[in-house]
Amino acid sequence: MSRVPAIEGWFTDDEAAPHLIGTRGLESGSYFFPPSLAVSANPNAPFEDRESVQLSRTGTLWSYTTNHYAPPEPSVQQTPYTVCAVELDAEKMVILGPLATGADALQLKVGMQMELVIGPLFSDEAGEHTMYQWAPLRDPESAAQ
Amino acid sequence: MSGDRDLAIIGVGMHPWGKWGRNFVEYGVVAAQAALADARVEWRDIQFVAGADTMRNGYPGYVAGATFAQALGWQGAQVSSSYAACASGVTALSSARAQILSGMADVAMVIGADTTPKGFLAPNKGERGDDPDWLRFRLLGATNPTYFALYARRRMDLYGASREDFARVKVKNARHGLENPYARYRKASTVEDVVTSPLVADPLSLLDICATSDGAAAMIVTSMEWAKAHNYTDAIRIRGISTTTPSYPNPVIEMPNFATDSAAGLGGPAAVGFKDSIALRAFEEAGIGPSDLSCAEVYDLSTALELDWYEHIGLCERGEAEGLLRSGATELGGRIPVNPSGGLACFGEAVPAQAIAQVCELTWQLRGTATGRQVEGAKAGLSINQGLFGHGSCVIVTR
């Protein structure tokens, strides 16, 4: 089955060490995510130019929740599904993402180390739609890359 | 202009909350009629109509000010319509205050009503890949309770809160609302009822999370000068109104966003968090502090969020809300009763009406007419909430 990102331009589809794609303000040095939505600016440099950057692929679990009720349209998640909020150390920002497919939500604890992976969101005639996910960090070596 | 920057509340009115399934305009007309009667003024006396919008009821909902002005009979009043999600009611009130304090109007009506669908609040229809509100449902299945649960989990892992602590908020509010004629749910709850109700978003259960409701609220506000000249000697005084937006960088993940601001780079961490800053602005305007409050109406979208608010409005330090709750201080009869109306636990949320309803309740409390839920000798009250996309909403009233 062909793989297509569920959303264009938010993450690199490099299975070994995927990254979120954000932007960095050239004046402020602040980071922004997601890259394609004009959701935030640093008021000290509101009109600055931004460069596309790969964000840190590991971080600290800020919070998490497992959802047990079927969400409304246009959601595609099957219950139960878990949403994680992970704080990136260098970027000093929290980013929401699904828990990695197959990971055990009962093992989660605020403060644990997490890493970015790519997994399936849903499939249709166009193929498997992939999404970035947060997984408990297994191999400290891979975090350094 | 007298230089008095306060407003007088001379009348309030509500349509009972419920799941009535009728057009939202009908509810608004009932609330308007009640507020006018309470204020002893005629509809034709209203010079400015500030409508709080609803997004779920088509075009009439987007232009609520005009919709209600038409439904009550066009009489040439000036009008505004405000949308700020859960904060819409106070944004409308703020618009009325600007008219009154600038001397452009003496008497204004602030009004909001909603008819809500069953189940989760969902984004607007259509493929909208550039709308974070649409994308959070599509990519994450992140409903509103998902965000509430993230905050609740933080309280558990940081402060040792338990699901029983959260349940005690529901038990308290359910008891407060038992005799409130405008509340949708008037039924006592036990801790066991709450923790054994179905999990929605762990650690929050169905009874931890507020429902969505139909309802309407309206109030009549005037300048202090006008109120005095017309012998409203016991009018309740609005001392502060906050519609604060966050200060960068906001470190808390807010609906409907995928990410917080980045605290790296220019500006560093913000000195004051968003929820703290909402109340702070209103306290500054009012010239009073948390210890002066007799009661508070805070937005208990979830039980755990009520505990967050205790800290954000300064009733206790960070991490101490569970202790304050357990001490009984926030119950009727305690030092600072919170949600004497029964809160959203008893009402469910009727989005554009809710922030106005909070002020209606404070008005009854300060008048001493909140039968069955009266905070004895109430002299000052605060209402607070927060609207999607960074809308603060806080009102401070005194006798």
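None of these values were measured; they are calculated from a predicted model. Order of the sequence lines sets the chain letters (A, B, ...), proteins ahead of strands, with each chain counted from 1.
Per-residue counts of heavy-atom pairs under 4.5 Å with chain A were compared for B:D157, B:V252, B:N257, B:L206; the largest is that of B:D157.
Side-chain atoms of A:L96 and B:T146, non-hydrogen and from C-beta on, never get closer than 4.5 Å to each other. Counting heavy atoms from C-beta on, the side chains of A:M131 and B:L140 come closer than 4.5 Å.
Taken from CG in B:L139 to CD1 in A:I7, the straight-line distance is 5.0 Å, to the nearest 0.5 Å.
Only the backbone of A:E27 has a heavy atom closer than 4.5 Å to any heavy atom of chain B. Heavy atoms closer than 4.5 Å to chain B are found in the backbone of A:A70, but not in its side chain. Using a 4.5 Å cut-off between heavy atoms, A:Y69 touches chain B through backbone and side chain atoms alike. Of the two parts of B:Y147, only the side chain, counted from C-beta on, holds a non-hydrogen atom closer than 4.5 Å to a non-hydrogen atom of chain A. In this structure, no portion of B:P249 lies under 4.5 Å from any heavy atom of chain A.
Under a 3.5 Å cut-off, the side chain of A:Q77 and the backbone N or O of B:R138 do form a donor-acceptor pair. Checked by atom type and distance alone, the side chain of B:S262 never pairs as donor or acceptor with a backbone atom of A:S30 at under 3.5 Å.
Ring planes of A:W10 and B:F258: perpendicular class, angle over 60° (limits at 30 and 60°).
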